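Inspection log for the structure reproduced underneath, given as structure tokens.
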Amino acid sequence: MAAHDNVKQFSINNDALAMIARAREEGIETVWDRLAAQEPQCGYCAMGVSCRNCSMGPCRVDPFGDGPQKGVCGADADIIVARNLGRSIAAGASAHSDHGRDILEVFAELAKGESSGYELRDETKLRALAGEWGIETDGRPRDEVARDLAAAMMDEYGTAKGHLSFADRVPEARSELWKKLGIAPRGIDRENVEMLHRTHMGVDNDYVNTLLHGLRTSLSDGWGGSMVATELSDVMFGTPKPVTSRINLGTLKEACVNIALHGHNPVLSDVILQAADDPELVALAKEKGAEGINLVGLCCTGNELQMRKGIPMAGNHLMQELVLLTGALDAMVVDYQCIMPSVTDVAKCFHTEVISTADKAKFTGATHISFDPKRGLEIAKEIIGRGIEAYGNRNPERVRIPEGTVEMMAGFSVEAILGALGGTPEPLVEAIKDGRIRGAAAVVGCNNPKIRQDHGHVTLTKRLIENDILVLVTGCSAVANGKAGQMMPEAAEMAGPGLKAVCQALGIPPVLHMGSCVDNTRVLALAAALGNYLGVDIAQLPLAGAAPEWYSEKAISIGAYVVASGIYTVLGVQPAIFGSPNVVNLLADGLEDVVGAKFAVEADPEKAALLIRRHIEHKRAGLGLPHLEDAEIGAAA
């Protein structure tokens, strides 16, 4: 294990620091140790100029001009960087869209009456979606409507009928721009397959052409697969409404069977929640000496449950090893995405049973229970039972649960936000017009061990709300802001005077939890609704996006579809593109003239806040809105 002089460099959270210190005491390796062991990381890979797409390689070109300038096939830095970025977008879009397909397949089973433990909990949204997709709803049974909707959505994964149905939500100007550029998304799977084809050796060797298709591929995620996941999850599990919850490792209960639900897909976790209330299982837990069964969330599976049920959150991405180090977790149930293979290694140091459930995501050392929606509730009960049995193996002397939790509010779907505004965007628009709200920013994305955990999310958000910028959060960012106390109505005191007044009048926080990673599509839908209400393109609105601590290929796809939708986006971690000045110039400048938005890279959240504030003021000016006096943004101002 690597030696570290000061664990405070790894996280801003006391519960995380306590568990990192314990790992050091007991010689248990964590993500930070493995990062240190990798240093220095490969410079060619970090700059995006290494290629292993064929067996003539692997190749690398020298971005500084002293070494090879072309790979064996003749690809230069521009081509190699564009290929690598395009493949990363395709991988991220595939992950989210496959998540959407999994939700859709369960929805189809439910519509046919062939699932166990599921129901259509939001019939109003079901019928609204069906109407949006041109499916007749009047006088028809809801299951029949659901079957037709499932079939129509399934078609959009594999067929090309011109464009994706959800893309009709965007303002007309944006839709026409996509068509003009040839990036309007067609079939969800088609764009990913074409990107892999284009980046095969000897196909697309024009870096601009490759990256334009990268935008198209990302749009098939944001306005396709991810949007399917979000909308159908609402239909099956309920459209989120504001709900209070609690967060951090203190949500574990020493006297209870503790089971963490980790990953991204709510299909299994929802029925596990039902199983945890089963009287026989509760009685079994008490027979084993526990007071009850306590479920906690990790990452986006936790966010899905928190948004709809108020289930407490143990933490975000970098907490998954640390929750095991409490010695109080009896089972970790995982589905897929962002789950470190190391969790089984850490679990071996304790009594915790790691249970994998997705056949596409098996883990060496885990117990695998293959999930089948036709036996959903039965399987969920089996999993809870294994957690109860593991509780009997717990060593009480090894339990160390950090004290204290933080209260937070979640559940701000687009419907909930508009509901709080009286059912129309007008109050939000008027608050922006008169300057009570300067604009809005979506702060989203992962944790990355290269950045002090949650520092980027929390600091950026703090500076934005101080300057009357409403913040929308999803995924790991939402967990970070919840721990920081920024997500209760009382947090309005942290905001500037205008935003504070609006939040106090509506009884909402200045930072709104909109859901999991796929739920970034809620941000898109809200932006489209504002653009349509005002009769302007999304790119004209005082909006911005930010991913201060991103790490995954999914985040690359998200950033690409947000920019392609017309929203300026700031990244806090440098992407692997800096080996090609031409690609950098395209993404950080040239795209502004193409899609009306661009990327910026700024590791310092104080400076990132300044960039976003200046961008929002520029967009306000473009709409003829009054310039607001600059508020100080920390050291960056």
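Counting begins at 1 with the first residue of the sequence. The shown structure was predicted, so the numbers you read here are calculated from the model rather than taken from an experiment.
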Smallest heavy-atom separation, A539 atom then G596 atom, equals CB-O, 3.7 Å
Locate the shortest heavy-atom distance separating P542 from I432; write the atom from each residue and the value.
CG-CG2, 3.9 Å
Any non-hydrogen side-chain atom of Y568 less than 4.5 Å from a side-chain atom of H618?
no
So, the side chain of D221 versus the backbone of T217: is there a donor-acceptor pair under 3.5 Å, distance only?
no
Could you pull out the closest heavy-atom pair between T230 and T521, with the gap in Å?
OG1-OG1, 3.1 Å
Work out which heavy atom in Y157 is nearest to a heavy atom in G225; give both atom names and the distance.
OH-CA, 3.8 Å
Side chains of V601 and P575: does their closest heavy-atom pair fall under 4.5 Å?
yes
Is a side-chain donor or acceptor of K598 paired with a backbone partner of V563 at a separation under 3.5 angstrom?
no
Quick check: do R34 and S342 have side-chain heavy atoms less than 4.5 Å from each other?
yes
Would E617 and R438 pass as an ion pair if we require N to O under 4.0 Å?
yes
Does the side chain of H513 come under 3.5 Å of the side chain of N303 through a donor N or O and an acceptor N or O?
yes
Taking NZ in K360 as the centre, count heavy atoms belonging to other residues, nucleotides or ligands within less than 6.0 Å. Is the count above 12?
yes
Do T474 and D519 have side-chain atoms, one donor and one acceptor, less than 3.5 Å apart?
no
Would you call R216 and E194 a salt bridge, taking side-chain N to carboxylate O under 4.0 Å as the test?
no
Say you draw a straight line from NE2 of H615 to CD1 of I612; how long is it, rounded to the nearest 0.5 Å?
8.5 Å
Might you work through the side chain to side chain contact (heavy atoms under 4.5 Å, CB included) test for L625 and K619, ending with a clear yes or no?
CA-CA 9 Å; L625 300 180; K619 293 300 179 182; over 6 Å; no
Between M47 and P63 the two heavy atoms that sit nearest each other are SD-CG, 3.7 Å
Going by atom types alone, do T301 and S269 pair a side-chain donor with an acceptor below 3.5 Å?
no
List the steps and the verdict of side chain to side chain donor-acceptor pair (under 3.5 Å) for S516 and E304.
CA-CA 6 Å; S516 63; E304 297 275 6; 3.0 Å; yes
Heavy-atom nearest pair, F412 first then M307, reads N-CE, 3.9 Å
Partners of S220 by side chain to side chain donor-acceptor pair (under 3.5 Å), sequence neighbours excluded?
none
Gap separating the CD atom of E606 from the CG atom of L611, nearest 0.5 angstrom:
12.0 Å
Taking the side chain as every heavy atom from C-beta outward, state whether E231 and D234 have any atom pair closer than 4.5 Å.
yes
Can you check whether M514's main-chain N or O pairs, donor with acceptor, with R522's side chain at less than 3.5 Å?
yes
Within 6.0 angstrom of R60 CZ, more than 12 heavy atoms from elsewhere:
no
Heavy-atom side-chain proximity of I558 to H96 below 4.5 angstrom
yes
Applying side chain to side chain contact (heavy atoms under 4.5 Å, CB included) to T461 and V471, what does each step give before you reach the verdict?
CA-CA 7 Å; T461 299; V471 174; 4.0 Å; yes
First locate atom CG of L460, then atom NE2 of H455, and finally report the distance between them rounded to the nearest 0.5 Å.
10.0 Å
Give a yes or no on whether the backbone of T199 and the side-chain of N53 come within a donor-acceptor separation of less than 3.5 Å.
yes
When you compare the side chains of Q320 and H262, does any donor N or O come within less than 3.5 Å of an acceptor on the partner?
yes
Give the C-alpha distance, both sets of side-chain angles, the deciding distance and a yes or no for side chain to side chain contact (heavy atoms under 4.5 Å, CB included) between D204 and H197.
CA-CA 8 Å; D204 195 350; H197 180 195; over 6 Å; no
Under 4.5 Å between any side-chain heavy atoms of V562 and V444, yes or no?
no
Any donor and acceptor pair, going by atom type alone, linking the side chain of Q540 with main-chain N or O of D537 inside 3.5 Å?
yes
Are E549 and N448 close enough that a side-chain donor and a side-chain acceptor fall under 3.5 Å?
no
Is the backbone of G67 close enough, under 3.5 Å, to the side chain of Q69 for a donor and an acceptor to pair up by distance?
yes
Say you draw a straight line from OG of S218 to CG of L211; how long is it, rounded to the nearest 0.5 Å?
11.0 Å
4.5 Å side-chain heavy-atom contact, N265 and T357:
no
Would you check if the side chain of D76 reaches a backbone N or O of I79 as a donor-acceptor pair within less than 3.5 Å?
yes
Between D102 and Y336, is there a side-chain donor-acceptor contact under 3.5 Å, judged purely by atom types and distance?
yes
Distance col, row I469:CD1 vs I616:CD1, nearest 0.5 angstrom, shows 4.0 Å
Side chain to side chain donor-acceptor pair (under 3.5 Å) evaluation trace for H163 with D168
CA-CA 9 Å; H163 72 284; D168 288 337; 2.7 Å; yes
When you check the side-chain N and O atoms of H264 and K554, is any donor under 3.5 Å from an acceptor?
yes
Could you tell me if the side chain of E191 sits less than 4.5 Å from the side chain of R186, heavy atoms only?
yes
If only atom types and distance count, is the side chain of S94 paired as donor or acceptor with the main-chain N or O of A90 below 3.5 Å?
yes
Examine distances only and state if a side-chain atom of D589 and a backbone atom of N585 form a donor-acceptor pair shorter than 3.5 Å.
no
Would you compute the distance between atom CG of L464 and atom OG1 of T459 and round it to the nearest 0.5 angstrom?
10.5 Å
Given the rule in the side chain to side chain contact (heavy atoms under 4.5 Å, CB included) test, do M153 and F107 qualify, once you have shown the distances and angles that lead to the verdict?
CA-CA 11 Å; M153 286 184 165; F107 174 73; 5.5 Å; no
I'd like to know if the side chain of W223 and the backbone of A184 have a donor-acceptor N/O pair within less than 3.5 Å.
no
